[in-house]
Visitor: 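The structure that follows is given in the form of structure tokens.
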Amino acid sequence: MTEMKALRSPDGTPYAPATLAVTAGRPHGQNQPVNSPITLTSTFHHAGTAQPGDSVYARFSNPSWDPLEATLAALEGAELPGLVYGSGMAAIAAALSLVPDGGTVIAPRACYNTTLTLMQQQEAKGRVRLVLLDVSDSDAVLAALAASPAPALFWLESPTNPLLEVADVPALLTAARAAGVTTVVDNTFATPLGMNPLALGADVVVHSMTKFLAGHSDVIMGGIVTDSPELRATLHGYRTVHGAISGGLDSYLALRGVRTLALRFERGCANAAVLAERLAADPRACNVRYPGLETDPGHARAAQHMRAFGAVLAFEPARAGQPSVERAEQVSASVALWTPATSLGGVESILERRRRHANEPLAVPEALVRLSVGIEDVEDLWRDLDRALGS
Ligand SMILES: Cc1ncc(COP(=O)(O)O)c(C=O)c1O
């Protein structure tokens with residue numbers, strides 16, 4: 001493998017996350033390119049029995065993944081390289097496979113809808129027992145952990161998609177570990193710049209790299225990071241056998257996106273904070289959810305264990321002080337600068353009424369609109385939203 005740039009300065013000082021996003025996984029040394037090349041091959045010249053580290057076939061390993069996997073690990077503070085997958089859901093399916101047949105999965109009652117669909121499908125087949133709860137209710141989670149015989153897996157999303165609920169992440173991960181429960185955190189919303197779940201006690205971190213990491217709505221990819229050699233070997237084996245791999249071009253695009261993560265995320269968070277404040281003061285909006293708002297139920301917790309409040313918020317468009325589905329639909333139909341679309345984490349601002357999706361959890365209010373705030377000028381964003389909300 002190519003030598004890569006060091007993750008700390010020559011005097012030994014570890015680089016900050018914003019520096020790692022730029023420098024991790026970069027080739028180092030005389031005559032090396034500044035960016036790792038894309039390797040477009042399905043197989044490798046290889047005779048004889050494979051030795052560890054050999055390249056044999058591009059579903060097993062691929063040099064196009066290496067710099068991205070190194071960068072993901074560096075950003076999440078892991079020693080072991082990450083693993084990239086063909087989508088966030090491919091990564092989630094791999095992580096969910098860590099619970100053996102007959103085990104229990106404890107998960108948020110409202111989190112990314114397709115994660116829940118996958119869990120519910122496995123429950124319907126009798127593969128797992130599923131316990132869904134409000135992860136911002138620590139007592140409920142602690143009780144479920146205590147009542148779940150091993151083997152069990154605690155699936156955490158925080159802030160949750162799309163309710164932006166904030167769990168007491170360090171306390172719950174510590175309790176799960178003490179109970180011998182494997183923990184997985186979907187860190188897509190917080191990004192590694194906002195939170196590092198491994199440092200807070202998680203066994204496994206998953207990302208939809210489609211979102212903030214890649215950042216330009218031009219690629220679908222997932223990623224996993226763990227510092228357990230056993231879990232990494234299992235996850236690697238799952239990827240090899242199930243084949244949900246990423247192509248070289250997508251891996252290149254995702255890494256190119258990660259290089260600007262710090263700037264994009266900083267601007268997105270700042271814009272989201274301004275919009276959340278304005279919506280919270282606007283009678284055409286109710287139930288604004290953004291952990292950065294001091295009035296938000298998750299604010300104090302988020303301030304304790306997150307470095308940023310994120311670039312996603314949600315609210316319910318209202319008429320006469322009541323949530324209005326009609327007004328929510330009107331917002332989606334009337335925006336000009338915002339894109340009415342699903343997904344999040346790109347440079348462009350996107351919004352949608354989440355319950356338009358048939359598999360959206362019922363805990364999500366009918367009128368709730370989720371906003372993924374991009375890096376445009378915030379006054380342009382507000383003017384467009386203000387106009388779309390109508391009078
Ligand atoms: C929090 C979260 N996790 C996972 C996913 C799934 O990722 P992908 O669409 O890359 O498969 C999404 C997609 O919206 C998401 O929002």
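Counting starts at 1 for both ligands and their atoms, in listed order. What you see is a predicted model, and the numbers here were worked out from it, not measured in a lab.
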Visitor: Between atom OG of S349 and atom CG of L344, what is the distance when rounded to the nearest 0.5 Å?
Guide: 11.5 Å

Visitor: With heavy atoms under 4.0 Å as the rule, classify the contact between T342 and ligand 1 as side chain, backbone, both or neither.
Guide: neither

Visitor: Heavy-atom pairs closer than 4.0 Å: do any link ligand 1 to the side chain of M209, the backbone, both, or neither?
Guide: neither

Visitor: Can you list the atoms of ligand 1 that are under 4.0 Å from a heavy atom of K211?
Guide: 9 (O), 12 (C), 13 (C), 14 (O), 16 (O)

Visitor: Using distance alone, decide if ligand 1 has a nitrogen or oxygen within less than 3.5 Å of any nitrogen or oxygen in L344.
Guide: no

Visitor: What is the nearest protein non-hydrogen atom to atom 7 (O) of ligand 1, stated with its residue, atom name and distance?
Guide: S208 OG, 3.0 Å

Visitor: Looking at D186, which atoms of ligand 1 are within less than 4.0 Å of one of its heavy atoms?
Guide: 1 (C), 2 (C), 3 (N), 4 (C)

Visitor: Measuring centre to centre across the rings, with the benzene-like ring taken for any Trp, is H299 within less than 6.0 Å of F309?
Guide: yes

Visitor: What are the atoms of ligand 1, with element, lying closer than 4.0 Å to any heavy atom of T210?
Guide: 8 (P), 10 (O)

Visitor: Would you mind listing which atoms of ligand 1 come within a distance below 4.0 Å of any non-hydrogen atom of N161?
Guide: 15 (C), 16 (O)

Visitor: Evaluate I92 for polar contact with ligand 1, using N/O atom pairs at a separation under 3.5 Å.
Guide: no

Visitor: According to the interplanar angle, ranging from 0 to 90°, do the rings of H242 and Y238 count as parallel (below 30°), tilted (30 to 60°) or perpendicular (above 60°)?
Guide: parallel

Visitor: Say whether, by atom type as modelled, one donor and one acceptor occur between the side chain of E157 and the main chain of N161 under 3.5 angstrom.
Guide: yes

Visitor: Hey, is the main chain of D203 close enough, under 3.5 Å, to the side chain of T183 for a donor-acceptor pair?
Guide: yes

Visitor: State yes or no: do L313 and V331 share one hydrophobic cluster built from I, L, V, M, F, W and Y residues joined by side-chain heavy-atom distances below 4.5 Å, directly or via other members?
Guide: yes

